[in-house]
Amino acid sequence: MAVDSSLSSPLGPPACEKDAKALQFIEQMTRNADAVQRTVLAEILTRNASTEYLRRYFLAGATDPNTFKDKLPVITYEDLQPEIQRIASGDRSPILSSHPISEFLTSSGTSAGERKLMPTIKEELDRRQLLYSLLMPVMNLYVPGLDKGKGLYFLFVKSETRTPGGLLARPVLTSYYKSEHFKTRPYDPYMVYTSPNEAILCPDSFQSMYTQMLCGLLERHQVLRLGAVFASGLLRAIRFLQLNWSDLANDIRTGKLSSKITDPSLRDCIEKILKPDEESADFISEECSKENWEGIVTRIWPKTKYLDVIVTGAMAQYIPTLDYYSGGLPLACTMYASSECYFGLNLNPMCKPSEVSYTIMPNMAYFEFLPHEPNSGSDSAPKLVDLVDVEVGKEYELVITTYAGLYRYRVGDILRVTGFHNAAPQFHFVRRKNVVLSIDSDKTDEAELQKAVENASKLLKEVKTSVVEYTSYADTTTIPGHYVIYWELMVKETEGKWPSKETMEQCCLAMEESLNSVYRQGRVADNSIGALEIRVVKSGTFEELMDYAISRGASINQYKVPRCVNFTPIMELLDSRVVSAHFSPALPHWTPARRR
């Protein structure tokens with residue numbers, strides 16, 4: 001079909017007329033970023049003027065940015081918790097939003113060890129759907145022919161709970177996959193998945209993964225791209241294939257579905273698809289039984305053009321492993337989003353992972369930026385900057401005001417400005433503020449790690465031993481990845497004795513029990529995190545660590561033991577001093593309990 005030439009985009013020639021309109025929308029929004037931002041703020045403040053939260057600050061009907069900034073404070077989740085708890089408990093008055101809160105989206109960030117509850121309203125689904133609709137028109141500029149095949153995406157729903165007031169609380173992607181926007185989405189040749197909805201929506205993670213992998217294998221010659229939300233999720237899928245290829249191949253050979261799949265609607269769906277295919281079963285068995293799995297992705301799915309996964313921030317640690325299994329396929333990071341808000345998209349999705357920048361879409365929310373200057377030495381609070389006024393090369397913390405009732409809310413993401421697309425800035429995601437360890441969607445900060453070490457080290461008191469120093473790192477060489485904690489111990493000379501293997505294993509479990517609910521869910525329900533490991537190092541190891549840092553220019557007066565390490569020479573030094581290693585012997589406690 002010929003594309004109307006009047007719909008051409010500066011981004012490139014669109015693949016079809018629908019794409020042309022999407023690209024034109026991106027141009028329109030980014031060219032007029034400042035005006036769009038002012039309109040968004042005015043809409044949010046006008047519609048929510050009667051809410052309890054906004055009335056508290058006496059805006060008197062003002063909707064301009066200056067009055068808004070003068071009157072309203074910049075806040076964190078803890079500041080908003082009393083209002084959120086009231087809504088969660090059943091208060092339906094317009095506290096934060098004039099529109100009814102439809103559900104809570106549970107953030108991967110935590111407060112006091114529990115997932116944060118982010119209020120949302122029904123129309124936010126339309127806004128999220130709008131951003132999703134822009135991804136493929138951009139990708140089609142870089143990778144032609146994606147309408148000639150399918151995507152093998154490993155997508156999952158996670159457990160959901162209800163608050164005491166009856167509102168659902170669940171992750172943002174679970175909310176989206178269970179919505180009519182996703183379940184009854186219109187056919188789009190560029191967005192065809194191998195996984196049927198029944199497989200994606202199955203709450204049992206094993207059955208969901210098994211049937212999604214099975215469907216991907218059945219249509220392996222149709223697959224043009226593989227994806228998951230995070231890089232860690234795609235690696236878990238590869239590990240799953242390593243462990244279950246024999247059963248999967250047997251299903252394909254016989255045309256009969258494994259008895260391990262017990263979900264009735266899922267069985268019914270897959271049995272309609274599954275037909276005996278001895279040739280494919282033999283090929284899969286032959287490839288998967290080989291010791292060398294390098295390039296397994298392109299061996300099993302030979303037409304794959306790229307992997308669609310997030311590899312920015314903490315996920316960058318998985319890039320070498322993905323390269324190994326895929327034979328160096330391009331890694332596409334397409335969008336930037338969180339439970340609080342969907343922010344923007346990558347207009348050059350086939351760039352190198354280290355060069356990924358996201359263009360903020362100014363229609364999604366009202367954005368402000370807090371200059372991130374940890375070493376400035378200034379006591380005065382830095383002034384927030386508008387979206388169009390950020391400076392290239394500088395780092396900022398993202399602050400948002402949303403239609404759903406978050407006002408000047410600090411998201412906790414640190415971003416670096418890399419450039420502009422028209423008037424809209426482009427950002428490189430640097431990191432989550434204060435996060436020390438992360439394997440999947442878990443985020444453990446320094447305070448949580450310290451508390452976990454303190455709780456676990458209490459078990460050493462019986463043998464008159466204490467933890468002198470510790471550090472940690474996220475080991476992603478295993479699938480799933482796991483936390484590694486290095487301990488240097490001190491045994492009291494006269495009374496003390498070296499802790500037993502059993503005691504050290506209990507220390508591992510005690511640490512896990514102390515970590516937040518997102519970590520524990522990853523261990524228990526999602527199988528996305530492996531057992532925590534404590535490696536005990538020789539006495540004096542941390543002195544050597546300090547000596548090494550000083551030899552590289554660190555000040556002896558200002559040196560602090562890093563609570564997380566990822567610099568290879570330091571990890572090699574630590575590992576060369578390990579005297580024993582211990583793993584958590586059991587799963588920590590976690591249940592999808594009713595929200596307080």
Side-chain angles (χ1 to χ4, degrees), residues 3 7-37 40 127-147 151 188 190-191 225 227 229 231 305-313 315-316 329-338 341-365 367 369 386-396 398 400 413 415-430:
V3 180
L7 293 176
S8 63
S9 164
L11 289 167
C16 59
E17 199 153 320
K18 183 180 171 188
D19 281 15
K21 289 177 180 176
L23 298 175
Q24 195 176 55
F25 177 78
I26 293 170
E27 289 301 296
Q28 182 187 347
M29 289 295 107
T30 55
R31 276 186 190 139
N32 303 296
D34 192 39
V36 172
Q37 280 283 276
V40 166
R127 233 178 302 282
R128 290 194 281 272
Q129 181 62 46
L130 173 62
L131 194 62
Y132 282 126
S133 74
L134 304 176
L135 302 182
M136 288 311 293
V138 173
M139 183 60 77
N140 291 337
L141 297 173
Y142 296 88
V143 185
L146 292 174
D147 56 332
D188 180 344
Y190 293 95
M191 287 289 287
R225 53 204 171 105
V229 178
K305 299 186 178 192
Y306 65 92
L307 305 182
D308 187 350
V309 285
I310 293 171
V311 288
T312 50
M315 290 295 128
L329 282 173
L331 304 173
C333 294
T334 56
M335 67 183 290
Y336 172 38
S338 75
C341 178
Y342 279 28
F343 305 117
L345 69 167
N346 183 1
L347 295 180
N348 183 13
M350 300 306 282
C351 67
K352 294 177 184 176
S354 60
E355 296 170 0
V356 170
S357 288
Y358 300 104
T359 302
I360 299 289
M361 288 297 288
N363 58 303
M364 299 304 292
F367 300 104
F369 298 87
D386 284 336
L387 179 72
V388 297
D389 294 329
V390 295
E391 296 179 44
V392 173
K394 290 196 173 180
E395 292 187 1
Y396 299 89
L398 182 58
I400 59 170
D413 289 359
L415 310 174
R416 182 186 307 116
V417 187
T418 58
F420 283 80
H421 179 74
N422 296 323
Q426 298 178 303
F427 293 92
H428 176 71
F429 179 89
V430 179

For Q37 and P362 the tightest heavy-atom approach is NE2-O, 2.8 Å
Identified side-chain hydrogen bond (donor to acceptor under 3.5 Å, both in side chains) counterpart of Y336 within the set T312, N346, D413 | D413
Criterion side chain to side chain contact (heavy atoms under 4.5 Å, CB included) on E391 and V417, from CA distance to verdict | CA-CA 7 Å; E391 296 179 44; V417 187; over 6 Å; no
For the pair Y396 and F427, name the ring-plane relationship: parallel under 30°, tilted 30 to 60°, perpendicular over 60°.
-> perpendicular
Quick one: are I400 and F343 in side-chain contact, heavy atoms under 4.5 Å?
-> yes
Is there side-chain contact between N348 and S357, with at least one heavy-atom pair below 4.5 Å?
-> no
Testing L141, L146, V143, D19 for side-chain contact (heavy atoms from CB on, under 4.5 Å) with M136, which one passes?
-> L146
Closest heavy-atom pair and its distance - A231, V311 | CB-CG1, 3.8 Å
How long is the span from the SG atom in C333 to the NZ atom in K352, to the nearest 0.5 Å?
-> 14.5 Å
Distance in Å, Y358 OH paired with Q426 CD, rounded so as to fall on 0.5 Å steps | 12.5 Å
Evaluate the side-chain proximity of L131 to M364: yes if any heavy-atom separation is below 4.5 Å, no if none is.
-> yes
Indicate yes or no: at least one non-hydrogen side-chain atom of F420 is less than 4.5 angstrom from one of V392.
-> yes
Using the side chain to side chain contact (heavy atoms under 4.5 Å, CB included) rule, take D188 and K18 through it: C-alpha gap first, then chi angles, then the decisive distance, then the call.
-> CA-CA 10 Å; D188 180 344; K18 183 180 171 188; 3.2 Å; yes
Could you give the distance from SG (C341) to CD1 (I360), rounded to the nearest 0.5 Å?
-> 8.5 Å
Nearest heavy-atom approach of L331 to P353 is CD1-CG, 3.9 Å
Pairwise distance CG(D34) to CG(D386) - rounded to 0.5 angstrom = 7.0 Å
Check whether any side-chain N or O of H428 sits under 3.5 Å from a backbone N or O of V356 as a donor-acceptor pair, and report yes or no.
-> yes
Is there side-chain contact between L387 and P425, with heavy atoms separated by less than 4.5 Å?
-> yes
What's the shortest heavy-atom distance between M350 and P330, and which atoms?
-> CE-CB, 3.4 Å
Can you find a pair of side-chain heavy atoms, one from V138 and one from P349, that are under 4.5 Å apart?
-> yes
Audit row: Y142, K305, side chain to side chain contact (heavy atoms under 4.5 Å, CB included) steps and yes/no = CA-CA 11 Å; Y142 296 88; K305 299 186 178 192; over 6 Å; no
Stepwise side chain to side chain contact (heavy atoms under 4.5 Å, CB included) check, D147 with Y190 | CA-CA 4 Å; D147 56 332; Y190 293 95; 3.5 Å; yes
Judged by atom type as modelled, is there a donor-acceptor pair below 3.5 Å linking the side chain of N422 to the main-chain atoms of A424?
-> no
Nearest non-hydrogen partners of L415 and V430, listed with the distance | C-CG2, 4.0 Å
Only one of T359, L347, V36 passes side-chain contact (heavy atoms from CB on, under 4.5 Å) with T30, and that residue is T359
About how many Å separate CE of M335 and OH of Y342, when rounded to the nearest 0.5 Å?
-> 5.0 Å
If you round to the nearest 0.5 Å, how far is CD of E27 from CG of N32?
-> 10.5 Å
